[in-house]
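Structure record follows, encoded as structure tokens.
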2 protein chains.
Amino acid sequence: MTLSDVAQRAGVSAITVSRALRDPEKVSPQLRDTILTVVEEMGYVPDLAARALASKNSGLVGVLSPGLTSHAFLALIRGIEDRVRPSDLRIQYANADSNSEDQLRQLRFFMSQNPAGLIHVGQIGDPAIDDLLRRAPCPVVEIMDVSRQPTDMAIGIDHRLAAETATRHLLAKGYRRIAMLGGAWDFRGRRRQEGFQAVLEEAGLFDPALVLSIDSSTSVGLGCHLLDRLRNEFPDADAAFCHNDDIALGVLFECQRRGLAVPGDFGICGFNDLEYAGFAFPAITSVRVPRYEIGYRAVDMIIRASGSGAYPAKVVDLGYQLVSRGSTARDG
Amino acid sequence: MTLSDVAQRAGVSAITVSRALRDPEKVSPQLRDTILTVVEEMGYVPDLAARALASKNSGLVGVLSPGLTSHAFLALIRGIEDRVRPSDLRIQYANADSNSEDQLRQLRFFMSQNPAGLIHVGQIGDPAIDDLLRRAPCPVVEIMDVSRQPTDMAIGIDHRLAAETATRHLLAKGYRRIAMLGGAWDFRGRRRQEGFQAVLEEAGLFDPALVLSIDSSTSVGLGCHLLDRLRNEFPDADAAFCHNDDIALGVLFECQRRGLAVPGDFGICGFNDLEYAGFAFPAITSVRVPRYEIGYRAVDMIIRASGSGAYPAKVVDLGYQLVSRGSTARDG
DNA sequence: CTGTTAGCGCTTTCAG
DNA sequence: CTGAAAGCGCTAACAG
């Protein structure tokens, strides 16, 4: 079942059917109706490979990220999908390992498909990756963090600033022996740790021994484990800024198990503001990151860039928001 | 940069390069080495659209499911990716709405790409969908539930049985006014509700008023809300079988907020056994569903079916496991 | 507004 | 084991 089958049946040439399908305006109303009816009747579906080959435009947007299958990326993906749905683009996800070799492999793979755009959770700063992105024959949006100058465009927040705000919040609530739990596994995590450290050093309260990190795949469990270790080694530790909400949740559970009062004896601040943070008991203070909007607008930037040939913006900082809740609700 | 560029540089014809790339055995070792070296040097990457068009084989596996961006599907996706990685297949996800019209649209879209396989979280039983799947020119695996006869193949568990086991567990622990919270939004949910109802009717303890369901996107919050409603209307309700772990978590938080002792005053059983279930305080009893393995083996079945032309199996029931924990740990 | 011609980059088929 | 010819289904460019 090809375009010419339809064309024959409709009594026109193939190209006219092609136009009626992609650019209905370019065909006279009568012909258009006839053609679309025939298409419907025959159940014709265009072959995307042929289309991509002939037009050198695959309509494919690649999303590349380490840890894509993590809780925090769900909202991002929803945003991406929602913006893509009404367009004629389609998305392909690639869940790279965090090493740059695998990312390069995946990027090359996308390139082989004439992508219409690339969304990249940039992390590494590997010159080979930057180079490949610069060469990419399509708009590239680097998402999540905006502190590095992007190849094309970037959208996200400043993770270092966000961590500073969270740390100041804990200080303001009177916590003094504040730990950072869960690590700096990637670029954003490192930025957050920098912010955390800077604020505490300024206050003369930074203790590197209170920065605890293990690479682990179970994050709530990791939160439990780290709180355990922290309090065993440093019984005077009185708060934790957690790498993400899963870890914060684990910390909360472990505090409950130990009979440690939250927020009285111990304060907890998470990161991302996942849905459950607001419903926990006590509700967990967290930093809201506009993940849905990042995804939605990243696709939007690609669409605009493809349409106009110019970047709608170089760097978009969407800002974060500290959501103060029960887990840190005590008087400073 | 095309195949003939490489061919010219290597002093052979295009087809030989093509063979060296896809089927190295078919080319003499010396030529092969020369060619692969040149490919490497030039950084040549084959054009997948051209390949798909010429060979009528896109190597693309479509994954179609409503609610794909939910917590419970993360492990499924990991399984899928892990099995796909070492193969030459690639995955495309489509997050259909739960209505059959959108699913049809998405399925047709996949069809237009000559897919090498289709993975479908079957739910609706719409004849048009079944029809389309039957016509599909590639292996189709329906995943998650195995209670319906699949078009080609199916892999998953029996959700009705799983619910029966969970409900019996609550009965065995001495709970008598058992609610089902969070609904039967899809085929699997309905199957679970059937199992729940059957067991309680057999025990003479079924009360339809204790089946509470709202369609909502925030699930932990929904758990809180439903527990609230349940205990306000039925203060004697003493346990809940929850539609998923998120709802169970919300129920747990709300019990804590109300000062309801878990498991003493109120028992909680979740579904899926997400990571946090085992770390909560008290740990949450749940039904473990082998989601990772379902994804991994679904792809495996497609690969085997493509290779041999025959289905490795019609229906694979991977079984579930009730994980009994603190949230129901009281003497019957 | 519609049609003709040519070709996208690769693989299939059939010869050598 | 290697190559030549043909064509996958569609669209760009040009013509009418």
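Not measured: the values here are computed from a predicted model. Note on naming: letters A, B, ... go to the chains in the order of the sequence lines (proteins, then strands), and numbering restarts at 1 for each one.
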Side-chain donor-acceptor pair present, B:R22, B:S18, cut-off under 3.5 Å:
yes
Heavy-atom pair with the smallest gap, counting every atom of A:P137 and A:M111:
CD-SD, 4.2 Å
How many whole angstroms separate atom CD of B:Q113 from atom C1' of D:dG9?
15 Å
5' to 3' on DNA chain C, which nucleotides open and close the contacts with chain B (atom under 4.0 Å from a heavy atom)?
C:dG9 to C:dT12
A:R22 side chain near D:dA12 phosphate (N/O to OP1/OP2, under 4.0 Å)
yes
Nearest-nucleotide comparison on DNA chain D, the residue closer to the 5′ end among B:V27 and B:S55
B:V27
In whole angstroms, the gap separating P of D:dA12 from CD1 of A:I15 amounts to 7 Å
Tell me if a side-chain donor or acceptor on A:R32 pairs with a main-chain N or O of A:V27 at a distance below 3.5 Å.
yes
With rounding to the nearest 0.5 Å, note down the distance linking CD in A:E81 to OH in A:Y292.
10.5 Å
Hey, which sits more toward the 5' end of DNA chain D by its nearest nucleotide, B:L53 or B:E25?
B:E25
Do B:Y311 and B:D152 have a side chain donor and acceptor closer than 3.5 Å?
yes
For A:R19 and D:dA12, what is the distance between atoms CZ and P respectively, to the nearest whole Å?
10 Å
Could you check which residues of residues 1-12 of chain B get a heavy atom under 4.0 Å from DNA chain C? Sort them by number, please.
B:T2, B:L3
CG of A:L48 versus C1' of D:dC10: gap in Å, rounded?
11 Å
If you define the side chain from C-beta out and look only at heavy atoms, does anything of B:D130 sit under 4.5 Å from B:R148?
yes
How close or far is atom C1' of D:dG3 from atom CD1 of B:I35, stated in whole angstroms?
12 Å
Is it true that B:R135 and B:D131 have a side-chain N and a carboxylate O under 4.0 angstrom from each other?
yes
Salt bridge or not for B:R188 and B:D145, using N-O below 4.0 Å?
no
Is B:D300 paired with B:R297 through a side-chain N to carboxylate O contact shorter than 4.0 Å?
no
Spacing of A:K26 atom NZ relative to D:dA12 atom C1', expressed in whole Å:
13 Å
